[in-house]
Amino acid sequence: DRMNFPDKKFISLAILLTLALSITAGAYLIYRAWDYWSADQVYADMEKNAVQKVKMAGQPDRYREDLTTDSSGKKSEGGQDGGEAPSDNADEERKKSADDTDRSIDGATIPDKPVIDWDELSKSGRDIVAWLDIPSLGIAYPVVQGNDNEFYLHHLPNGEYKNAGSLFMEAANNPDLTDVNTVIYGHNMDNGSMFGKFRNMTEEDYETQPFLWLCTKEKDCLYKMISLHISLVDDESYTLFKSNGEVNRLNYENSIVTGWLRAENQRSYIHMPVPKTAIGRVITLSTCGSLSDERRVLRAVLVREIARPP
């Protein structure tokens with residue numbers, strides 16, 4: 001009996017189809033790599049042109065005007081309890097204590113503070129509201145806020161379409177960082193950019209530098225990380241403490257916030273103690289997890305707030 005072999009035309013068609021699929025897949029991978037690279041270049045140029053780093057110790061007094069409030073709601077100054085009258089030599093005392101108090105908090109060294117040229121940075125996008133700097137992970141990006149939580153998923157601050165998108169603040173949050181919980185979203189990028197480095201963060205990274213900066217036009221806020229964990233898309237990590245349709249501010253029932261923070265801290269798979277100097281406001285940095293309904297969340301609590309010079 002004669003053996004039945006596939007028709008030559010069929011074999012040729014299969015080869016051509018396989019070749020076409022391979023070329024298409026290769027072209028897509030090349031395009032994606034270029035898309036990621038070009039977005040990285042845009043962000044690198046923003047940082048190069050608009051951001052400088054300065055050490056906390058020895059900075060002029062105007063960079064150390066502490067705007068935090070004590071439990072009575074009184075404004076504190078220079079890290080001292082609110083309501084105390086300044087001594088005659090208050091300026092000298094503040095300068096003398098700067099090297100001790102501005103270098104560390106709870107024994108951990110404060111990283112260099114980014115100083116933003118907001119006029120220059122604003123040229124890159126009208127919706128830029130903050131600059132995020134996480135030294136231990138090499139993360140440094142502008143943060144935008146749009147009218148919704150969709151546009152900046154795949155658009156750069158300048159409005160250009162890119163898969164990497166932007167880091168963007170929850171549309172319901174107040175951009176002045178006065179909300180109890182400010183949520184910032186970013187992609188879990190395959191090349192490790194944006195919030196892609198969250199998935200490989202270690203306890204050593206945290207111990208090396210537990211602080212991060214979130215800076216706005218009006219102030220520079222120093223936060224200390226307290227939790228890195230996996231959340232579901234609709235769980236309490238994204239609680240904004242809304243009341244009557246509005247996001248509550250700093251003084252929202254302290255006991256509720258404290259209990260929520262404690263519960264969130266206990267979920268962390270990296271040991272991150274809550275600092276003694278925590279002020280009671282947090283930022284939630286959220287990115288995709290391994291599953292479609294999972295999110296990897298890095299949370300940090302405010303420990304210092306510094307007014308920018310007028």
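The first residue of the sequence shown is numbered 1, and numbering continues consecutively from there.
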Take L153 and F168 through the test side chain to side chain contact (heavy atoms under 4.5 Å, CB included) and record every step on the way to the result. CA-CA 8 Å; L153 273 171; F168 61 94; 3.9 Å; yes
Mind checking side chain to side chain donor-acceptor pair (under 3.5 Å) for D190 and listing every partner two or more places apart, or none if nothing turns up? R32
Under the side chain to side chain contact (heavy atoms under 4.5 Å, CB included) rule, what do L222 and I105 come out as? Steps first, then yes or no, please. CA-CA 10 Å; L222 180 69; I105 294 178; 3.8 Å; yes
Do V303 and F211 have side-chain heavy atoms sitting under 4.5 Å apart? yes
Are the side chains of M272 and K224 in contact, using a 4.5 Å heavy-atom criterion? no
Closest approach of I139 and M194, non-hydrogen atoms and distance? CD1-O, 3.6 Å
Check this for me: E294, atom CD, are more than 12 non-hydrogen atoms of other residues, nucleotides or ligands nearer than 6.0 Å? yes
Any side-chain heavy atom of L212 sitting closer than 4.5 Å to one from I283? yes
Min side-chain heavy-atom separation N191-D40 under 4.5 Å: yes
To the closest 0.5 Å, what do you measure between CD1 (I184) and CD (E170)? 11.0 Å
Which residues satisfy the side chain to side chain donor-acceptor pair (under 3.5 Å) test with N265, sequence neighbours excluded? none
Among side-chain atoms of N188 and R296, is any donor-acceptor pair under 3.5 angstrom? no
With a 4.5 Å cut-off on side-chain heavy atoms, are C215 and D220 touching? yes
Do Y269 and L137 belong to the same hydrophobic cluster, where Ile, Leu, Val, Met, Phe, Trp and Tyr are linked whenever their side-chain heavy atoms lie under 4.5 Å apart, directly or via other members? yes
Closest non-hydrogen atom pair between N173 and Q145, with its separation: O-NE2, 2.9 Å
Distance in Å, E264 CD paired with S268 OG, rounded so as to fall on 0.5 Å steps: 10.5 Å
With rounding to the nearest 0.5 Å, note down the distance linking CD1 in I128 to CE in M169. 12.0 Å
Compute whether any side-chain donor of one residue and acceptor of the other, for S166 and Y141, lie under 3.5 angstrom apart. no
Count the heavy atoms belonging to other residues, nucleotides or ligands that lie under 6.0 Å from CG of N147, then report whether that count exceeds 12. no
Donor-acceptor contact below 3.5 Å, side chain H155 vs main chain G165: no
If you apply the rule side chain to side chain contact (heavy atoms under 4.5 Å, CB included), what do you find for V144 with F151, and how did you get there? CA-CA 11 Å; V144 296; F151 181 79; over 6 Å; no
For the atom pair OG1 (T182) and OH (Y223), what is the distance rounded to the nearest 0.5 Å? 5.5 Å
One should read off an interatomic distance between M189 CE and T287 OG1, to the nearest 0.5 angstrom, of 9.5 Å
Do you know the tightest heavy-atom contact between R295 and S292? NH1-O, 3.1 Å
Please tell me if the side chains of K162 and S38 come closer than 4.5 Å, counting only heavy atoms from C-beta onward. yes
So which heavy atom on R281 is nearest to which on D179, and how close? CG-O, 3.4 Å
Using only atom types and a distance under 3.5 Å, with no angle test, would you say the side chain of N149 pairs donor to acceptor with the backbone of A171? yes
The test is side chain to side chain contact (heavy atoms under 4.5 Å, CB included); show your working for R299 and R267 and say whether it passes. CA-CA 11 Å; R299 178 166 284 108; R267 300 172 65 182; 5.9 Å; no
Answer with yes or no whether the side chains of S193 and Y36 bring together a donor and an acceptor at under 3.5 Å. no
Would a distance-only check, ignoring hydrogens and angles, find a side-chain to backbone donor-acceptor pair under 3.5 Å from K219 to D176? yes
Output the distance between atom OH (Y43) and atom CG (L156), rounded to the nearest 0.5 Å. 4.5 Å
E47 side chain vs P142 backbone, donor-acceptor pair below 3.5 Å: no
Please give me the minimum heavy-atom distance between I306 and K113, naming the atom from each residue. CD1-CD, 4.5 Å
With heavy-atom distances below 4.5 Å as the criterion, would you say the side chains of Y238 and N181 are in contact? no
Do P275 and V301 have side-chain heavy atoms sitting under 4.5 Å apart? yes
Whether R126 side chain and K123 backbone form a donor-acceptor pair below 3.5 Å: no
Provide the closest heavy-atom pair for D35 versus A164 in the form atom of the first, atom of the second, distance. OD2-N, 4.2 Å
Give a yes or no on whether the backbone of P135 and the side-chain of W213 come within a donor-acceptor separation of less than 3.5 Å. no
Should the heavy atoms of other residues, nucleotides or ligands under 6.0 Å from NZ of K217 be counted, would the total exceed 12? no
Testing the 3.5 Å rule here: is there a donor-acceptor pair between the side chains of T208 and D205? no
Would you say E204 has more than 12 foreign heavy atoms packed within less than 6.0 Å of its CD? no
